[in-house]
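Proteins come first, then strands; the chains are lettered A, B, ... in the order of their sequence lines, and each starts at number 1.
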Amino acid sequence: MQNHLSEQEIIRRQYLDELRAMGVDPFPAQAFSVNTHASDLRHRFDTEPDAFKEISLAGRLMSKRNMGKASFAELQDSSGRIQLYINRDQICPGESKELYNTVFKRLCDIGDFIGVRGYGFKTQTGEISVHVQEFFFLAKSLHPLPIVKTDAEGNVHDAFTDPEQRYRKRYVDLIVNPHVKEIFVRRSRLINAMRRYFDERGWLEVETPVLQTIHGGAAARPFHTHHNALDMPLTLRIANELYLKRLIVGGFDGVYEFGKMFRNEGMDRTHNPEFTSMEIYVAYKDYIWMMEMVEDCLEKVITEVHGGTIVAIGNRKIDFKKPYRRLTMYDAIQEYAGIQVEHMDEATLRQYCRSQHIAVEDSMGRGKLIDSIFGEKVEGHLIQPCYITDYPLEMTPLAKKHRSKEGLVERFELYVNGKEIANAYSELNDPIDQKQRFELQLKLAARGDEEAMMMDEDFVHALEYGMPPTSGLGIGIDRLTMLVTGQEAIQEVLLFPQMKPEARHQA
RNA sequence: GAUCUGUUAGCUCAGUCGGUAGAGCAACGGCCUUUUAAGCCGUGGGUCUUGGGUUCGAGUCCCAAACAGAUCACCA
């Protein structure tokens, strides 16, 4: 992709040849045995100095301070950094001083992988370090790394912060920005903690198709693809809900899936074309039970990953301690917009939206209009975790009709920091009602609603065999991770966010 | 999709009224055996994102494009 090498890249390539000429393989094949990590030494040396008398470490050389016949360097392994003290006569006990003078001092660059053996000690200034007795070259790095330095006051100099470069070259970002690595460690722990919570309760982790002939389970535009052998169009899933409910029909008490979803829509700091959701369905439960499960799960999982229930995002502090506030959608609109929409008809709602400069389209039915008012007037106020319950039937074709409130469904969404992070229902299990709901969606589609759901005959057929009363939940894992790690852009919690190719690298 | 902002050395950034490009770190050559943003002396390194235009002359002014970020619209 590059035909022009910088001066520094040319020099590093020349060093490859020089190393080989000296009999040092710049990419040796054999394993290097490691018995200590940087953080072990840093954290335990003061209390257990005897444990570090014969240590070997490996990692990337991140800085070099040569002082003639001795040098200090920093080694970065997966656990962090540790200082090395390398003395010429220690690593070159014989006549030849080439390993120190030439291999280490000249041919070894910042970014190269090295292995060292020696012992732990403290320098005169009190820094825990490795006194290196043996030095091994493990792998050459041909590109110079950004040099990020931190001074005695903790100020970071020359930080590698350009988001474009960081996302395109995430490997470099991870090498030089330790706080970035921490975000992804936390993300993984969060997912594992949730998985443990579900497994402990006996629910089964499953996998359902990504390639679908009928995309269903959510209101969104899909990606289209094509299967050659079958010569048929397929779409990438926008949700896995209808498959998971088929499994409840099949007799599982609880099933869940962490999976990538794909939606062919806009991208911004809270949307990536592919994102991770967790959906779970539990038989013989309803949405009231689900609210209790979700707040219990989040409180436990966040405490486990974060060390407490309070997370900071921007200037705000959000407390995930249960229980969470519960507010019906109509009451929420009453509270924040000052109007009672319950008995308003479509024309009145549309007129209100226009008066408030809320964008409306002719294809919008009553449900979507209410949702627009909610989105415009209420969402931004919901900072602390809050359940919004009881949605208009029209916009929720997969949820069961409310047990006592006409025209509503048993649904809640969990809002945190002004954003929806979870969505749950008492699942609709009446196949005749379900079929009618799909037909209502088809009517909305005919009016021009591009996100209206498609009829899924096989799913209705599955419900006709009987599905127990079931509660289902979807959580946006990326958004939850954003909250737990204090990030305000989804790109910061995705290792490889979607990017357009750079023009200079095309063709 | 709209608006605004940005793109200069490997990295972080200066660049005045339009007059052939600067610093620190990194690199290269020296000196230095407990330093730590190590230090000291010296050297090299640029298609100023791309393409047009104005001008005697453009990193700088104008137009267009690419990519990114922010805000908005849509969505989760």
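- Under the side chain to side chain contact (heavy atoms under 4.5 Å, CB included) criterion, A:Cys353 pairs with A:Ile358, A:Val360, A:Leu369, A:Ile373, sequence neighbours left out.
- A:Ile490 is linked by a side chain to side chain contact (heavy atoms under 4.5 Å, CB included) to A:Asn272, A:Asp478, A:Met482, A:Val493, A:Leu494, counting only residues two or more places apart in sequence or in another chain.
- Rounded to a whole Å, the CG atom of A:Leu107 is 13 Å from the P atom of B:rA27.
- Applying the 5.5 angstrom centroid cut-off and the 30 degree plane-angle cut-off, the aromatic ring of A:Phe275 is stacked upon the base of B:rA76.
- A:Arg168 comes within contact range of the sugar-phosphate backbone alone, with a heavy-atom separation under 4.0 Å but no base atom that close.
- Counting distance only, with no hydrogens placed and no angle test, the side-chain atoms of A:Gln83 and the base atoms of B:rU35 include a donor-acceptor pair under 3.5 Å.
- Remark: the A:Asp268 side chain and the B:rC72 base include no donor-acceptor N/O pair separated by less than 3.5 Å.
- Residues that satisfy the side chain to side chain contact (heavy atoms under 4.5 Å, CB included) test with A:Phe113, not counting sequence neighbours, are A:Arg60, A:Leu138, A:Ala139.
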Anything under 3.5 Å between a protein N or O and an N or O of nucleotides 42-48 of chain B, put it in a table, one pair a line.
residue	atom	partner	partner atom	Å
B:rG44	N2	A:Glu7	OE1	2.3

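- Among all heavy-atom pairs drawn from A:Glu241 and A:Glu427, the shortest one is OE2-OE1, 3.2 Å.
- Here the closest non-hydrogen pair linking A:Tyr415 and A:Phe374 is OH-CE2, 3.2 Å.
- Every residue meeting the side chain to side chain contact (heavy atoms under 4.5 Å, CB included) condition with A:Pro146, not counting sequence neighbours, appears here in chain and number order: A:Phe160, A:Val172, A:Val176.
- Other residues, nucleotides and ligands contribute over 12 non-hydrogen atoms within 6.0 Å of the CD atom of A:Gln356.
- Taking 3.5 Å as the limit, the base of B:rG24 and the side chain of A:Asp158 contain a donor-acceptor pair of atoms between them.
- RNA chain B is contacted by A:Met499, A:Lys500 of residues 481-500 of chain A, taking any non-hydrogen atom closer than 4.0 Å.
- Using the six-membered ring where Trp is involved, A:Tyr336 and A:His381 have ring planes that are parallel, under 30° apart on the 30 and 60° scheme.
- Between A:Lys64 and B:rA38 there is no side-chain N or O to OP1 or OP2 distance below 4.0 Å.
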